[in-house]
Amino acid sequence: MKLVYFLAAILALTSSVVSAYDPSPLQDFCVAVKENDGVFVNGKFCKDPKMVKAEDFFLHVEPGKTDNPLGLAVTPVFVDQLPGLNTLGISLARIDFAPKGLNPPHTHPRATEILIVLEGTLYVGFVSSNQDGNRLFTKVLNKGDVFVFPFGLIHFQLNVGYENAVAIAGLSSQNPGTITIANALFKATPPISEDVLTKAFQVDKKTIEYLLKQTWYNHN
């Protein structure tokens with residue numbers, strides 16, 4: 001019986017370690033540097049703490065340009081843009097929408113997202129996993145409203161208003177990553193086999209060939 005308890009404890013400990021995508025920092029800060037001369041922590045080398053300045057924790061974000069087919073601009077504030085985020089397990093993005101602009105179905109493989117609307121009206125939603133029956137959860141958000149997109153689930157945001165909209169997305173990783181579903185399927189390098197896509201979507205090859213020829217807008 002003691003062996004069973006011991007194995008259970010080891011399993012619990014292992015599970016907790018595996019689930020920690022952005023481990024807690026072991027120092028006050030670890031400002032990321034591109035050089036290879038430093039301490040390698042959480043995917044980035046740390047700047048010498050004695051050389052760290054306030055500017056390492058500061059970034060000014062301008063409104064994004066939405067003159068594209070989606071009417072969308074996503075301005076990331078991840079560790080690559082703000083080195084002071086390294087090891088802190090948090091980041092954000094400013095999202096600008098033109099009227100009827102869309103942030104297409106996508107997922108963040110390393111983060112939960114929490115969104116607050118600063119201006120405009122957004123129709124937002126996410127789809128649960130296969131095990132949960134792929135249920136769709138949606139809500140219309142107005143200025144000041146907040147919505148959470150659970151870890152790793154496919155989600156989207158659509159500006160349903162006639163004016164520009166702005167939102168801020170907080171993410172639970174310094175480097176959350178983004179997988180835009182359409183891009184991943186129809187702009188993979190090298191391309192996914194047409195036979196795979198045809199059977200997966202249950203359509204003819206002409207439809208897949210048409211989709212493969214489209215220009216898919218990419219964002220962070």
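Partners of Pro150 according to the side chain to side chain contact (heavy atoms under 4.5 Å, CB included) rule, which considers only residues two or more places apart in sequence or in another chain, are Phe126, Leu153. The side chain to side chain donor-acceptor pair (under 3.5 Å) check on Thr198 picks up nothing, with sequence neighbours excluded. Not counting sequence neighbours, the partners of Ile192 by the side chain to side chain contact (heavy atoms under 4.5 Å, CB included) test are Leu185, Ala188, Val196, Leu197. The side chain to side chain contact (heavy atoms under 4.5 Å, CB included) check on Ala169 picks up Ile95, Glu113, Leu115, with sequence neighbours excluded. Remark: Lys143 engages Glu119 in a salt bridge (charged side-chain N to carboxylate O under 4.0 Å, His left out) (not counting sequence neighbours). For Glu194, there are no salt bridge (charged side-chain N to carboxylate O under 4.0 Å, His left out) partners at least two apart in sequence or on another chain. Applying the side chain to side chain donor-acceptor pair (under 3.5 Å) criterion to Lys187, with sequence neighbours excluded, gives no partner residue. Remark: Asp80 pairs with Lys44 by the side chain to side chain contact (heavy atoms under 4.5 Å, CB included) rule, at least two apart or across chains.
Screening residues 192-212 for ring-ring contact (aromatic ring centres under 6.0 Å, His included) gives Phe186-Phe201 as the qualifying pairs, with residues at least two apart or on separate chains. Counting only residues at least two apart or on different chains, the side chain to side chain donor-acceptor pair (under 3.5 Å) pairs with a member in residues 57-77 are His60-Glu62. For residues 127-137, the set of pairs meeting the salt bridge (Lys or Arg N to Asp or Glu O under 4.0 Å) definition, not counting sequence neighbours, comprises Asp132-Arg135. Residue pairs meeting the ring-ring contact (aromatic ring centres under 6.0 Å, His included) criterion with at least one partner in residues 156-178, sequence neighbours excluded, are Tyr123-Phe156.
Shortest non-hydrogen contact noted between Gln157 and His155 is NE2-CD2, 3.7 Å. When every heavy atom of His108 is checked against every heavy atom of Leu171, the shortest pair comes out as CD2-CD2, 3.6 Å. Between Phe137 and Ser128 the shortest heavy-atom distance is CE1-CB, 4.1 Å. Residue Asn164 comes nearest to Pro99 through the heavy atom pair OD1-CD, 3.1 Å, listed as atom of the first residue, atom of the second, then distance. Shortest non-hydrogen contact noted between Val79 and Asn175 is CG1-CB, 4.4 Å. Ser173 approaches Arg110 most closely through the heavy-atom pair CB-O, 3.3 Å.
No donor-acceptor pair closer than 3.5 Å links the side chain of Thr112 to the backbone N or O of Ser172. The backbone N or O of Asn142 lies less than 3.5 Å from no partner atom in the side chain of Thr121, so there is not a single donor-acceptor pair. A distance-only check finds no donor-acceptor pair linking the side chain of Thr180 to the backbone of Ala182 [under 3.5 Å].
Side chains of Pro176 and Ser91 form a contact here, defined as non-hydrogen atoms less than 4.5 Å apart. Counting only heavy atoms from C-beta outward, the side chains of Asn159 and Lys100 never approach each other to under 4.5 Å.
Hydrophobic clustering (ILVMFWY, side-chain heavy atoms < 4.5 Å, transitive): Val146 and Val166 are in one cluster. A continuous path of ILVMFWY side-chain contacts below 4.5 Å connects Leu136 to Phe147, so both sit in one hydrophobic cluster. In the hydrophobic cluster analysis, where Ile, Leu, Val, Met, Phe, Trp and Tyr join through side-chain heavy atoms closer than 4.5 angstrom, Ile179 is grouped apart from Leu211.
Here the CD1 atom belonging to Ile114 is positioned 12.0 Å from the CG atom belonging to Leu92, to the nearest 0.5 angstrom. In this structure, the separation between CG on Asp145 and CD1 on Ile116 is 8.5 Å, given to the nearest 0.5 Å. Leu102 CG to Leu122 CG: the interatomic distance, rounded to the nearest 0.5 Å, is 10.5 Å. Considering CG of Leu82 and CD of Gln174, their distance stands at 10.5 Å, rounded to 0.5 Å. Distance check: Leu158 CG to Phe97 CZ gives 8.0 Å after rounding to the nearest 0.5 Å. Atoms CZ and CD1, from Phe78 and Ile90 in turn, are 12.0 Å apart once rounded to the nearest 0.5 Å.
More than 12 heavy atoms of other residues, nucleotides or ligands sit less than 6.0 Å from atom CD of Gln214.
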side-chain contact (heavy atoms from CB on, under 4.5 Å) between Phe45 and Asn86, worked out: CA-CA 9 Å; Phe45 284 96; Asn86 196 40; over 6 Å; no
